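Report on one structure; see the data block that follows.
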Number of protein chains: 2
Amino acid sequence: MMPMTSIEPTIRLTQASEVTEVLVQDIISGQLPEGSRISEPELSRRYGIGRGPLREAILRLEGMGLVVRAPHVGARVVTLTRQELSEIFAIREALEGIAAREAARNMTNEDLIDLGQLIESHARYVDEHNGEAYMDQEGDYDFHYRIIKASGNKRLIRALCDELYHLVRIYRRSSNSAARPEQALTEHQMIYKALKDRDGELAEILMRRHIARACREIEAAIEQQQNE
Amino acid sequence: MMPMTSIEPTIRLTQASEVTEVLVQDIISGQLPEGSRISEPELSRRYGIGRGPLREAILRLEGMGLVVRAPHVGARVVTLTRQELSEIFAIREALEGIAAREAARNMTNEDLIDLGQLIESHARYVDEHNGEAYMDQEGDYDFHYRIIKASGNKRLIRALCDELYHLVRIYRRSSNSAARPEQALTEHQMIYKALKDRDGELAEILMRRHIARACREIEAAIEQQQNE
DNA sequence: AATTAAAATATTGTCAACAATATTCGATGA
DNA sequence: TCATCGAATATTGTTGACAATATTTTAATT
């Protein structure tokens, strides 16, 4: 056993999965804007692959909710109305709440230590940069990612990390959402404390409020954006 | 506008979507048992269609979580371990809780009247049948369906009705889960009252407890089933 | 006999052509 | 000029063949 010494782990990804990644990136980056058509012949030419794998990729995007398909008509990049965005956040609130609750039960002590270090590095960053930017919001994602992963619920992880988050990122691209870093940091610290205390109920409540607040901020930002 | 008088609304479904339905039914009915391989050539012959539409159907099943696919190996019907079943119920608890909360805000008065009638018919049924069977559990689904639909959250509806429920139904097939009807009916009535009072918070709490209890019942049934 | 290696087989992944449907463009009429 | 109808075009849906990979069978060696 262990016959081959190949470092390269023979991960010859399939074309369909590769082009799926590319399409996700193109949508999130805005190269394929919201509402734009997904033309099979065009993309087939652009990426130099047949329509078969491309269709598989589009099917996957539909599963992620990044694309809407109509029979005999084709696929379009989803357009996130304000309504839909708030729908997505409602789901996120529910799911991440559960994730926090289960994480409180399932996190290892090592997980907790790592999470504490992450928060400390965020705190330093916010301190040094006078509350600006907050690591381009990536740090926020890190925090949420780790808790979701720590929940140990595979379907939950898939639903949040592989599906919902892409949708949120689409929105984040176009809006320069403020994201008050001190406030967020404080909330993270409280959630962390609840996790460390293994208080799943409290962790859930705090996580839900954290996300609900972020949702309200975004809605306010949209409001403001529309009034200028 | 409105040029054609065709009653038949030109719903010429695509082969892929038709075979998707068939496969879902076959999986839920147990004709394709848990863990069995999904062979493309075999099913292609059996249903008399090409492999293209069949692959699209399999992709969709994967999106629903009914099937697990491995590159260059193929797809298998998912096998629901006890662990996974409890994962699914955790997600259901979170999502249906939110659905109840939003339904309390968005239900029309007519929706409420209809729901009340549904509960009354359930009550009559339980009364007449001395607490047996409870309409093959279909009535329970009806109740949940209506609340989910009434939430008005399209993504939530899709996640619950088009994806999660199929998974629960797979399990229900093999187990003759008892489902104590009086208890369930009482819980339904309480949820209904909260909805009528437009008390979203309470409706959410009650719905979550309702589902958590069902989950515990199922786990107990599994336990018992294994010990015989 | 058991284990490994190699060939044969079967299955999945991909491609290119064809069929069915939708969209676009232009012609015709009022 | 505008609306409506029809032909032309383009796109999606489907098929069958081929390529790449995995699985099974067979053969050979220890």
Side-chain angles (χ1 to χ4, degrees), chain A residues 1-24 26-27 32-33 35-63 66-78, chain B residues 1-24 26-27 32-33 35-63 66-78:
Chain A
M1 37 230 65
M2 260 321 186
M4 312 201 66
T5 57
S6 73
I7 302 300
E8 191 74 36
T10 323
I11 298 190
R12 276 281 296 156
L13 280 154
T14 170
Q15 289 189 53
S17 68
E18 282 174 7
V19 75
T20 302
E21 298 280 334
V22 174
L23 284 176
V24 169
D26 283 358
I27 290 174
L32 291 172
S36 65
R37 277 207 54 183
I38 305 277
S39 164
E40 292 182 11
E42 182 189 332
L43 293 184
S44 174
R45 279 192 302 274
R46 188 195 298 181
Y47 296 123
I49 63 173
R51 271 178 58 216
L54 185 64
R55 278 175 72 86
E56 175 169 338
I58 292 172
L59 263 293
R60 288 193 185 163
L61 294 184
E62 188 188 22
L66 287 177
V67 143
V68 179
R69 241 165 47 113
H72 295 286
V73 173
R76 307 187 87 90
V77 178
V78 71
Chain B
M1 38 231 61
M2 262 319 184
M4 312 200 67
T5 56
S6 71
I7 303 299
E8 191 73 36
T10 324
I11 297 189
R12 275 280 297 155
L13 280 154
T14 170
Q15 289 189 53
S17 67
E18 281 173 8
V19 75
T20 302
E21 298 280 334
V22 174
L23 285 176
V24 169
D26 283 358
I27 290 175
L32 292 172
S36 65
R37 274 206 58 181
I38 304 278
S39 164
E40 293 181 12
E42 182 189 332
L43 293 184
S44 173
R45 277 193 302 274
R46 186 194 301 181
Y47 295 123
I49 63 171
R51 272 179 56 218
L54 185 64
R55 279 176 70 86
E56 176 168 337
I58 293 172
L59 264 292
R60 286 192 186 164
L61 294 184
E62 187 187 23
L66 287 177
V67 143
V68 178
R69 244 167 44 113
H72 294 286
V73 173
R76 306 187 88 90
V77 178
V78 71

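First the proteins, then the strands, lettered A, B, ... as listed; each starts at 1. Here the structure is a predicted model, which is why all the values come from computation and not from measurement.
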Rounded off to whole Å, could you give me the CD1-to-C1' distance for the A:Ile49 and C:dG13 pair? 12 Å

Using whole Å, report how far CD1 of B:Ile58 lies from P of C:dT12. 7 Å

How is B:Gln15 classified with respect to the nucleic acid when contacts are heavy atoms under 4.0 Å: base, sugar-phosphate, or nothing? sugar-phosphate

Within the pair B:Thr14 and D:dT12, is there a side-chain N or O less than 4.0 Å away from OP1 or OP2? no

Treat primed atoms plus P, OP1 and OP2 as sugar-phosphate and everything else as base, then score nucleotides 5-11 of chain C 5' to 3': B for base contact with protein heavy atoms under 4.0 Å, S for sugar-phosphate contact only, - for none. ------S

Taken to the nearest whole Å, CD/B:Glu62 to P/C:dT12 is 14 Å

Nearest-angstrom distance from the residue atom CD of A:Glu56 to C1' of D:dT14: 16 Å

Rounding to an integer number of Å, can you tell me how far A:Arg76 CZ sits from D:dT12 P? 11 Å

If an axis is fit to five pairs at each end of the helix from C:dA1-D:dT30 to C:dA30-D:dT1, what is the angle between the two, to the nearest 10°? 10°

Looking only at side-chain atoms of B:Arg69, point me to the closest of C:dT14, C:dG13, D:dT14. C:dG13

Of A:Arg51 and A:Ser17, whose nearest nucleotide on DNA chain C comes first from the 5' end? A:Ser17

Can you tell me how far the CG atom of A:Leu61 sits from the CD1 atom of A:Ile27, to the nearest 0.5 Å? 5.0 Å

CD1 on A:Ile49 to CD on A:Glu18, rounded to 0.5 Å: 9.0 Å

